[in-house]
Every structure is written in C-alpha cells, then in structure tokens.
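To start, the structure itself, in structure tokens.
Just so it is clear: chains get the letters A, B, ... in the order the sequence lines come, proteins before strands, and each one is counted from 1.
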Protein chains: 2
Amino acid sequence: MKDGPDIARIAALIGDPARANMLTALMSGKALTATELAAEAAVSAPTVSAHLAKLAGAGLVSVRKQGRHKYFTLASGQVAHVLEALMGLAAGTGQLRTRTGPRDGALRRARVCYNHLAGEMGVQLHDSLRARDLLRADGEMRLTEAGAAFVAAFGIDLSALRARRAPLCRECLDWSARRTHLAGSLGRAFLTRMEGLGWARRDPDSRAILFSPEGTRQFARAFPSAA
Amino acid sequence: MKDGPDIARIAALIGDPARANMLTALMSGKALTATELAAEAAVSAPTVSAHLAKLAGAGLVSVRKQGRHKYFTLASGQVAHVLEALMGLAAGTGQLRTRTGPRDGALRRARVCYNHLAGEMGVQLHDSLRARDLLRADGEMRLTEAGAAFVAAFGIDLSALRARRAPLCRECLDWSARRTHLAGSLGRAFLTRMEGLGWARRDPDSRAILFSPEGTRQFARAFPSAA
DNA sequence: TTCATGGTTCGACCGTAGGCGAAGCATCGA
DNA sequence: TCGATGCTTCGCCTACGGTCGAACCATGAA
C-alpha cells in the first residue's frame, strides 16, 4: 500500500526535540538567527547548524543571509499548518506539556500563529467577518465586495496585498480553540494594522499578543461577536 | 519559549518509517489486525507489536479485541487530519514518493480519507453543497435547513447522526487537491450512502474509490460543479 | 486433549543520528 | 590589518531505538 507522499521523513524531522523547539519558536513568525535558535533549543552552535541544514534541505524553513547573520523562517503557511495540527493532537491526547505557566492563558486568548492572529480573538475576528458576510468561504475563502470596503476602511492597502503572489485568504485551524481563523496575507495585514493602531503588541518572550485595555475595547467594537 | 503542547513526541512516533506505513494503511478507515499491519510495514510480528503498543499508548490508534484478533483503527479524525496535513506538506516540498504508479491517478480523483470521500470528487461534493447554500461555514461548518432536507432526500438518516457525539460536519484539507472537503459523520454518511447506491466501491488494495460509469454520471447530476 | 494460529515478552544485536569541542572560514567594525 | 563575532566542518563519542529469533501465553478448532 504505502499510498501517498512520504510522510516519515518530514515527521522524523519534526520529531527531534531540538528541532521541534526550533520550529515552535519560528511559529512566532519572526525571523530568527542561528544563535537565537540555538538558545531556544538549548543546544550548541554546531548542533543547531546541522539541524538547520536538514530543515532547510527538506524545505521546512527558508534562509535569508544578511551580513554575517542568517535569518530563518518557516518556509510556508503549510508548514505552520502542520505544526498547529500536531499541537492540536498533542493537546487532545493529553500530551499537554506539564508546565502550565501563567503565559498559557494569554496564549489561549491571543497569540501569533506564524504571522497572523490566532487564539480566541483570532476566532472572533474570523467569525465576525463571516457573520456579516464580509468574508465568504465557498470552496476557497475570499472577501466579498463589502468585505473589501471594510478592509480598506480599516486602513489596509488591499491592492498592495493582491499584487503579491501569496494567497490573500487562507483558513487555519488552531490548537487551543479548535476553530478556524483567518490566515493568509490578509490575516497578516490585520495583525500588523492592529499593532500599528497601538491596540496590541507582541510579547517578545513568547507567542502571546498582549492587547491594551483600550485595544480590547476597540477590537470588540470593530469585530463584534456574532449573536 | 517552547510554548504549547509537546509536538516532538507525536511527530517522532509518526516519523518512524514502519509506523508511518502502518498509519497510512489505517487511513483507509478499515480496521486492520496486527499481522496485516506487519505485512503493510514489512516488519516482523514482534516489531509491529512493539510499534502498536507505542501508538496505542500515545492515543494515536484504538484497539478492539475480537476473538484472538486485535483490530486497530486510527483513534480519531484529528489523527487523520494530521496525517493528511503531513502528506500535503510532503507533496508540496517535492518529497513525493518516486514510484508514481497507475494507482496515483485514481487516488487523486477519489479516495477515502479516514472515513469520508476525498480527492477531486470530494472537493466537488463540498463545493457543490456550499455553492447552493446547503452547507454553510461561518466559524463552524453546518447544514442549512435546505441542506438538511437535501441530505434526507439523498437517503441519509440525519437524526441518527445527530444522536451521536461525533461532530456532524468537519472540514478537512487534502493533500492532492489542497482544497477543503467535507469530513465528520456526515462526510462518512455520504460515502456510505454512495456505496449503498452502487455508485462506487472501495479498491481493497488501496485507498482509491472506484466509481462506476453510471455512478460517475449520477454523482455529476447530484453534485453539479459550481459555475 | 492436542494442535494451530495470533500476539506478546525477552534478550541481544546493531546502526544511525544527535551531541560537543576544536579548528576553520567568512564577514563586519575599527 | 587585526581582532571579534557568526556560522560551518571535522572527528569522535555515546546512547537510544528499531530489529529479529526464540520462547512464551491465549484463544479457538479438531
């Protein structure tokens, strides 16, 4: 039998603790250098170098050389999707990491998933757009005309996004809420815009997104939860 | 950092070639015995036994004892989802299994994904329902009233499905078409019904679903592709 | 009871892959 | 030009995990 593509290679790649930690760190969407990743995974420089070579070779991460630094990112949203799916499974089968720090609550509320907003607030954003028929998903997810107007009014330059190759809208399933939320370049733009508006900022030490009280209020007004 | 659940354990579990083959075989949705799985993975009985103990221990597969046989299945749709996501990634990064037999075409057209219809025809089923507003997906996927009527007319006992705990509708992303299709107990019921109507039967040696010429015609009539 | 079949446990073997220290290239700043 | 920093290559070690043969239980059939 053995139908379909070769799963084992990639799963084994993710299956190493050091590499898994590196990849989870990259889920923040930030580009990290080799040394930063070494710190994340708590391994030495030579070790992390070997790991990164494998990950890049398999197409899981992308590299960008800048001066004497090398910046690594996840290669695609698809990679992020696999990681999220794995997290969901791990959470479900009770493989939850024992240490459940105070951070965990914040992560559940709002966090960055690769490059867009996830967690409860991510789900609310998505649901709110859907309920008002600004976003539609018949087969592929896409903006309606009213949605495009809404997005523009929110201060996002749609034409610039459309010019890029990357898909505008993508759906992503997250591990904590187990609900669909908005990914793709539009998802990214939403998050960036919210940061620009001063609604929220990223916790530099985790994937959490910290909303200010005022930001929370504004968010609730802009994206009311569907009745 | 190391936020979120422990990915590495599970990924490592899937990462072993023997286990990966066993899991892919179980994607057919059929319950397989230990010896059958041993044949799939081309390993000895003791080896497969050890693997199954690990998989069951981690909650990836379920066991059911019957006489002197032990039947194994994937533990949940979530597990299947992870496997599909991995296949998608593997296919995308060019890790495609070199051997591209004649089966491959059939698999791309229609195949069973855990327990529901996937592949091009699975996508068409899903898109067709969405386009006619029989199925809606605002946050959670659900049937509209018209949809419920349609499903009943198709010969599916909805109330029986609703009585179960399992979610009625779920979305699943498949590796070949990279599009969303319908999973959940309704997805399963659709496939079963089509087999009952004689439209299609499962290839016993692979995950392919073979539609008869008449079945193909009927399918196209019942689920016209959205213009 | 006795045999056959499905599955597990045990022990031993072996390969591979992860890990680090030290040395080797690059690139930048002064 | 010289150091300092970031990353890679090399060589070596270690350990874990997959593998099987043989012996061992359990269930069902003769």
Side-chain angles (χ1 to χ4, degrees), chain A residues 2 6-26 30-75 90 95, chain B residues 2 6-26 30-75 90 95:
Chain A
K2 305 182 196 166
D6 186 7
I7 274 184
R9 254 209 200 86
I10 293 187
L13 236 37
I14 306 177
D16 176 80
R19 284 192 294 258
N21 284 334
M22 295 161 58
L23 290 171
T24 335
L26 288 176
K30 284 185 286 196
L32 299 176
T33 70
T35 32
E36 286 170 326
L37 287 170
E40 286 298 334
V43 290
S44 72
T47 307
V48 89
S49 178
H51 283 314
L52 285 170
K54 289 185 188 180
L55 289 175
L60 294 188
V61 303
S62 310
V63 204
R64 201 181 46 196
K65 237 177 142 174
Q66 214 165 80
R68 52 181 165 182
H69 294 271
K70 264 184 153 180
Y71 286 96
F72 293 86
T73 54
L74 294 187
Q95 301 283 0
Chain B
K2 303 182 202 169
D6 186 6
I7 274 184
R9 254 209 199 86
I10 294 188
L13 236 37
I14 306 177
D16 176 78
R19 284 193 294 259
N21 284 333
M22 295 161 58
L23 290 171
T24 340
L26 288 175
K30 285 184 286 196
L32 299 176
T33 70
T35 33
E36 286 171 324
L37 288 169
E40 285 299 334
V43 290
S44 73
T47 308
V48 89
S49 178
H51 283 315
L52 286 170
K54 289 185 188 178
L55 290 175
L60 295 189
V61 302
S62 310
V63 206
R64 203 180 46 196
K65 237 178 141 173
Q66 216 167 77
R68 55 181 165 180
H69 294 270
K70 266 183 150 179
Y71 287 94
F72 294 86
T73 54
L74 293 186
Q95 301 284 359

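The interatomic distance linking B:Met22 (CE) with D:dG18 (C1') rounds to 13 Å, in whole Å. Atom P of nucleotide D:dT19 and atom CG of B:Leu37 are separated by 14 Å, given to the nearest angstrom. The nearest whole Å value for the distance from the CG atom in A:Leu52 to the P atom in D:dT9 is 12 Å. Taking atom NZ of residue A:Lys54 and atom P of nucleotide C:dG18, one finds them 4 Å apart after rounding to whole Å. If you measure from atom NZ of B:Lys70 to atom P of D:dC25, you get 17 Å, rounded to the nearest angstrom. Look at NE2 on A:His69: it is 9 Å from C1' on C:dC28, rounded to the nearest Å. B:Leu13 has its CG atom 13 Å from the C1' atom of D:dG18, to the nearest Å. Separating the CG atom of A:Leu55 from the P atom of C:dG18 is a distance of 10 Å, rounded to the nearest angstrom.
Side-chain atoms of A:Val43 lie closest to C:dG19 of the nucleotides D:dT9, C:dG19, D:dC7. When distances are taken from the side chain of A:Ser44 to each of C:dC20, D:dG18, D:dG6, the shortest belongs to C:dC20. Out of D:dG21, C:dG7, D:dG6, the shortest distance to the side chain of B:Pro46 is found at D:dG21. In this structure, the nucleotide among C:dG6, C:dT9, D:dT9 sitting nearest to the side chain of A:Ser49 is D:dT9. In the set D:dT8, C:dG18, D:dT19, D:dT19 carries the atom at the smallest distance from any side-chain atom of B:Ala18. Checked against D:dT9, C:dG19, C:dC20, the side chain of A:Asp16 finds its nearest nucleotide in C:dG19.
Heavy atoms of A:Val48 sit nowhere under 4.0 angstrom from any nucleic acid atom. The residue A:Thr47 sits close to a base: some heavy atom pair falls under 4.0 Å. Contacts of B:Lys65 with the nucleic acid, taken as non-hydrogen atoms under 4.0 Å apart, are absent.
Two residues are said to be in side-chain contact when any heavy atoms from C-beta on lie closer than 4.5 Å; A:Arg19 and A:Leu55 meet this criterion.
When all heavy atoms of B:Val61 and B:Leu52 are compared, the pair lying nearest together is CG2-O, 4.5 Å. In plain terms, the two heavy atoms of B:Tyr71 and B:Ala31 that are nearest each other are CD2-O, 3.8 Å. Considering every non-hydrogen atom in both B:Thr33 and B:His69, the closest pair reads CG2-ND1, 4.0 Å.
Under a 3.5 Å cut-off, the side chain of B:Ser49 and the backbone N or O of B:Ala45 do not form any donor-acceptor pair.
For the pair A:Thr35 and D:dC7, the criterion of a side-chain N or O lying under 4.0 Å from OP1 or OP2 is met.
Nearest-nucleotide mapping onto DNA chain C: of B:Phe72 and A:Arg19, the residue sitting toward the 5' end is B:Phe72.
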